[in-house]
Amino acid sequence: MTTFSDRVERISISGIREVFEAAGDDAINLGLGQPDFPTPDHARRAAVDAIESGKADAYTENKGTRSLREAIAEKHRADQGIDLDPGNVIATAGGSEALHVALEAHVDAGDEVLIPDPGFVSYDALTKLTGGEPVPVPLRDDLTVDPAAIEDAITDDTAAFVVNSPGNPTGAVSSEEDVREFARIADEHDVLCISDEVYEYTVFDGEHRSPIEFAETDNVVVVNSASKLFSMTGWRLGWVYGAEERVERMLRVHQYAQACASAPAQYAAEAALRGDRDVVDEMTASFERRRDILLDGFDDIGIDCPTPQGAFYAMPRVPEGFVDECLDRGVVVVPGEAFGEGGAGHARISYATDEDELREALDVMGEAYEAVR
């Protein structure tokens, strides 16, 4: 009887999904990382027009339409000041596939990949699917990635390290000084830096900077996505870019796994990138208000939480049993250990939800905290 590959046996269903699916239908969901804004109308219309005109009926180029890749290149020239060739961009099925092809193209069996701990669940799982070995790197007390900790963890077996700013699950934003250090480490140690920048536009304090701005070699690959930038999670449209020879290898993985990203989604994302971006500022202002509501509520309850500087997540320190008490009372939060051993003693809260529901959830969290502290 055919059994299962060792690689797939090394991973399990995401702890985020397990918690979400265990909750009742009427639960307040502070578990799923999804903006609660509609996709911009001009992006939707572009997809409808492409469908109605027949432009979306056929495969696009493996890398994606030239016009989308030009829009992505223009975006990164404007935002990061880098000279990005559209030929060195691959449109992917969301940021998830972008991460997958980046790791598949660069990691051999037994290679080490340094990942933040706590960090986004896909870093560990996708590394294992390549046959690689994830090496958790603990975060600072403020939940930012420490370049010195990354540098200390590098060995002869290290193929890559992953950085994520603004961060999931932490909401932390790396300083320019740290981002420059990530680039230096990639250059001096000749290891790949995979920079996950899917929350790039959601920054409240500080500013987003990318290691690719400062790298002197080709050892940085950037993952990004329309999902969180433009509230397009269901469209599944992301991208990955880097040096030509790296893109060519990532394309080998992408063309067999995916052929091309969804054509309607490509036209929608291009319109989002080229069109009115007022929704971006609206979303960021709204998430900052919600962050402050959450932090004020935590102060009233007595819960300690590092201040998130971006994204729409908070990672408070909570007593044992808190997550289960919240679930029992109809509020979905995710246990911190779902994101790595370093998340133990924390919970991840997604505050991308209605402000009234957020206040109601805080009342429940206060009851849960009193029950277990």
Spell out, as yes or no, whether a donor-acceptor pair under 3.5 Å connects the side chain of [X] to the backbone of [Y].
| X | Y | answer |
| --- | --- | --- |
| T284 | D281 | no |
| D205 | Q309 | no |
| N164 | N168 | yes |
| K228 | G33 | yes |
| R10 | D6 | no |
| D108 | D111 | no |
| T92 | G94 | yes |
| R77 | L84 | yes |

Please round to the nearest 0.5 Å and tell me the distance separating atom [atom1] of [X] and atom [atom2] of [Y].
| X | Y | atom1 | atom2 | answer |
| --- | --- | --- | --- | --- |
| L358 | I293 | CG | CD1 | 6.0 Å |
| L68 | T65 | CG | OG1 | 4.5 Å |
| R373 | I303 | CZ | CD1 | 10.0 Å |
| H346 | T170 | NE2 | OG1 | 10.0 Å |
| S5 | L129 | OG | CG | 7.5 Å |
| K63 | I90 | NZ | CD1 | 7.0 Å |

Begin from the C-alpha positions of R274 and E74 and carry the test salt bridge (Lys or Arg N to Asp or Glu O under 4.0 Å) through to its verdict. CA-CA 9 Å; R274 294 191 186 281; E74 289 164 11; 2.8 Å; yes

Do [X] and [Y] sit within salt-bridge range, that is, some charged N less than 4.0 Å from a carboxylate O?
| X | Y | value |
| --- | --- | --- |
| K128 | E133 | no |
| D178 | R140 | yes |
| R359 | D296 | no |
| R329 | E367 | yes |

Can you confirm whether [X] sits close enough to [Y] that some side-chain heavy atom of one is under 4.5 Å from a side-chain heavy atom of the other?
| X | Y | result |
| --- | --- | --- |
| L114 | V162 | no |
| V135 | D117 | no |
| V137 | P116 | no |
| S225 | L237 | no |
| L139 | T144 | no |
| P306 | R317 | yes |
| V198 | L229 | no |

Using a distance-only test with no angle check, is there a side-chain donor-acceptor pair under 3.5 angstrom linking [X] and [Y]?
| X | Y | result |
| --- | --- | --- |
| Q258 | H254 | no |
| E197 | S165 | no |
| E270 | S67 | yes |
| D190 | N219 | yes |
| R246 | H106 | yes |
| N224 | Y241 | no |
| S286 | R290 | yes |
| D79 | Y201 | yes |
| T233 | Q34 | yes |
| W235 | S262 | no |
| N88 | R69 | no |

Do [X] and [Y] sit in the same hydrophobic cluster, where Ile, Leu, Val, Met, Phe, Trp and Tyr count as joined when their side-chain heavy atoms come under 4.5 Å apart?
| X | Y | value |
| --- | --- | --- |
| I28 | L327 | yes |
| V334 | V372 | yes |
| I349 | V173 | no |
| Y351 | V203 | no |
| Y123 | V253 | yes |

Dump the intermediate steps for side-chain contact (heavy atoms from CB on, under 4.5 Å) on I72 and L273, then the final yes or no. CA-CA 7 Å; I72 291 169; L273 285 159; 3.7 Å; yes

Walk me through whether V333 and R348 qualify under side-chain contact (heavy atoms from CB on, under 4.5 Å). CA-CA 6 Å; V333 300; R348 191 196 73 168; over 6 Å; no

Can you name the closest pair of heavy atoms from [X] and [Y] and give their distance?
| X | Y | value |
| --- | --- | --- |
| P308 | F204 | O-CD1, 3.9 Å |
| A269 | A226 | CB-CB, 4.4 Å |
| P211 | C193 | CG-SG, 4.1 Å |
| T39 | R44 | O-NE, 3.5 Å |

May I ask you to check whether over 12 heavy atoms, not counting those of E245, lie within 6.0 Å of atom CD? no

Assess whether salt bridge (Lys or Arg N to Asp or Glu O under 4.0 Å) is satisfied between E288 and R291, documenting all intermediate values. CA-CA 5 Å; E288 185 171 10; R291 177 201 66 171; 3.7 Å; yes

Kindly indicate, with the supporting measurements, whether the criterion side-chain contact (heavy atoms from CB on, under 4.5 Å) is fulfilled by I194 and V163. CA-CA 6 Å; I194 299 175; V163 295; over 6 Å; no

Got a sec, which residues hit salt bridge (charged side-chain N to carboxylate O under 4.0 Å, His left out) with E200, two or more places apart in sequence or on another chain? K75

For this output row, return yes or no: ring centroids of F312 and F287 closer than 6.0 angstrom.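 Yes, ring centres under 6.0 Å apart.
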
Parallel, tilted or perpendicular: rings of Y199 and Y313 (30°, 60°): perpendicular

Could you walk me through whether D41 and R45 pass the salt bridge (Lys or Arg N to Asp or Glu O under 4.0 Å) check? CA-CA 6 Å; D41 285 342; R45 174 47 51 188; over 6 Å; no

Quick one: do R184 and D187 satisfy side-chain contact (heavy atoms from CB on, under 4.5 Å)? Show the steps, please. CA-CA 5 Å; R184 179 193 64 78; D187 289 340; 5.5 Å; no

